Amino acid sequence: MKISANIVTYTLKRPFTISRGSRTTAEVIQVSIEKNGKVGVGECSPTGRYGESFDSVLAEIESVNNTLFDRTSLKSFLRPGAARNGLDCALWDLETDNFPDNFSLPKTIQTAMTVSIGSPQDMADEAKGYVEQGATLIKVKLDADLVYERLAAVRAVAPDTTLVVDANEAWGSLDIATTLNQITLLNIAMVEQPLPADNDEGLRNIASPIPLCADESCHTADDVIALVDKYQMVNIKLDKTGGLTAAFELEQAARTAGLQIMVGCMLGSSIAMRAALPVAATAIMVDLDGAFLISDDIDNGLHYQRGNIVLR
């Protein structure tokens, strides 16, 4: 089994801004595994928020080169994270003919289209563009500034669209109960990770009028028990779980605990988005627009139309 890994840079169609910063490109690591004349490919995105760098992830991948492993034993070699994700997804691609089509995926999967942080007018303009393209689910990135004003501007141009909010841990300085009650007036369907992962215990003591989704607070199945009574939903991302194999485990644990399933992504190409489709197919909410946000996706990438990933 031969492993290779390379850094690939994609260009974003427009700057992508969240509470932790802004980007104009999406850098990822593409992983290839060759075995018995067949090649499987995976893609992962190192995340500084989780203590990863491109050097550290490449080193993790290299550490298992010339080692015999499968998707099960890989978990004993590498921690959850980007490196294991790239390798796990490459193994799925290598071992499974027509991956992921053989999971009996639906013809279309609705995906959120993401509005990044900007002025209320800029965010409204971006949302209006998605609405005009037919999107019915919009995810609004926010920090702690102008929360209501930004959301109101988006709602004004998307009156019939389902809106969800992603605070990326940025609301620690706000009165959470008051903020949630204020934005309830704008018919918000869900709020993702309002407080920092290491300081979200306060969510247990509020009766949120809006469902809350754990993102940074939820990486693997081991995290689920601590989320109950704080969140109603978990955002499963393969770069957090360490691949599709562990994503299935997290999905099962979350459902058993009574939590709903969202599937999300880091920025990346259709290689990364496709790998998450088997879990996304049965999720209540999907945010796999990463490949739509780049201008130079891979050949034969996913087809996005009217806010849906069209698979057939």
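Owing to the predicted nature of the structure, the values given are computational and were not obtained by experimental measurement.
The environment of CZ in R20 is crowded: more than 12 heavy-atom neighbours from other residues, nucleotides or ligands sit within 6.0 Å. Other residues, nucleotides and ligands contribute only 12 or fewer heavy atoms inside 6.0 Å of the NZ atom of K128. Few gaps surround NZ on K38; more than 12 heavy atoms of other groups in view lie less than 6.0 Å from it.
Under the 4.0 Å criterion applied to side-chain N and carboxylate O atoms, E201 and K230 are assigned as salt-bridge partners. Taking 4.0 Å as the cut-off between side-chain N and carboxylate O, R79 and E60 count as a salt-bridged pair. Between R150 and D145, no side-chain nitrogen of the basic residue sits less than 4.0 Å from a carboxylate oxygen of the acidic one, so the salt-bridge criterion is not met.
Aromatic ring pairs are classed by plane angle as parallel below 30°, tilted from 30° to 60° and perpendicular above 60°; the pair H219 and Y50 is perpendicular.
D93 is linked by a salt bridge (charged side-chain N to carboxylate O under 4.0 Å, His left out) to nothing, counting only residues two or more places apart in sequence or in another chain.
One N or O on the side chain of D239 and one on the backbone of S45 form a donor-acceptor pair closer than 3.5 Å. Looking only at distances, no side-chain donor or acceptor of S208 sits under 3.5 Å from a matching main-chain atom of P211. Side-chain atoms of D297 come within 3.5 Å of backbone atoms of S270 as a donor-acceptor pair (strictly under, hydrogens ignored). In this structure, S217 contributes its side chain and A214 its backbone to no donor-acceptor pair below 3.5 Å. In this structure, E43 contributes its side chain and I29 its backbone to no donor-acceptor pair below 3.5 Å.
Side-chain atoms of N181 and T184 form no donor-acceptor pair, as typed in the model, at a separation below 3.5 Å.
To the nearest 0.5 angstrom, R255 atom CZ is 9.0 Å from Q260 atom CD. With values rounded to the nearest 0.5 angstrom, N98 atom CG is found 11.5 Å from F103 atom CZ. For the atom pair CZ (R84) and CZ (F77), the distance works out to 12.5 Å, reported to the nearest 0.5 Å.
For the pair K13 and F292, the distance from NZ or CZ to the six-membered ring centre is under 6.0 Å and the angle to the ring normal is within 45 degrees.
Grouped by direct or indirect side-chain proximity (heavy atoms under 4.5 Å, Ile/Leu/Val/Met/Phe/Trp/Tyr only), V228 sits alone. Cluster partners of M190 are L137, V164, M233, M262, I284, M285, counting Ile, Leu, Val, Met, Phe, Trp and Tyr whose side-chain heavy atoms approach within less than 4.5 Å, directly or via other members.
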Q: Start with the C-alpha gap between S19 and E169, add the side-chain angles, then the distance that decides, and say whether side-chain hydrogen bond (donor to acceptor under 3.5 Å, both in side chains) holds.
A: CA-CA 8 Å; S19 64; E169 305 181 279; over 6 Å; no
Q: I would like to know whether Q252 and T256 meet side-chain hydrogen bond (donor to acceptor under 3.5 Å, both in side chains); could you show each step before the answer?
A: CA-CA 6 Å; Q252 181 58 52; T256 299; 3.1 Å; yes
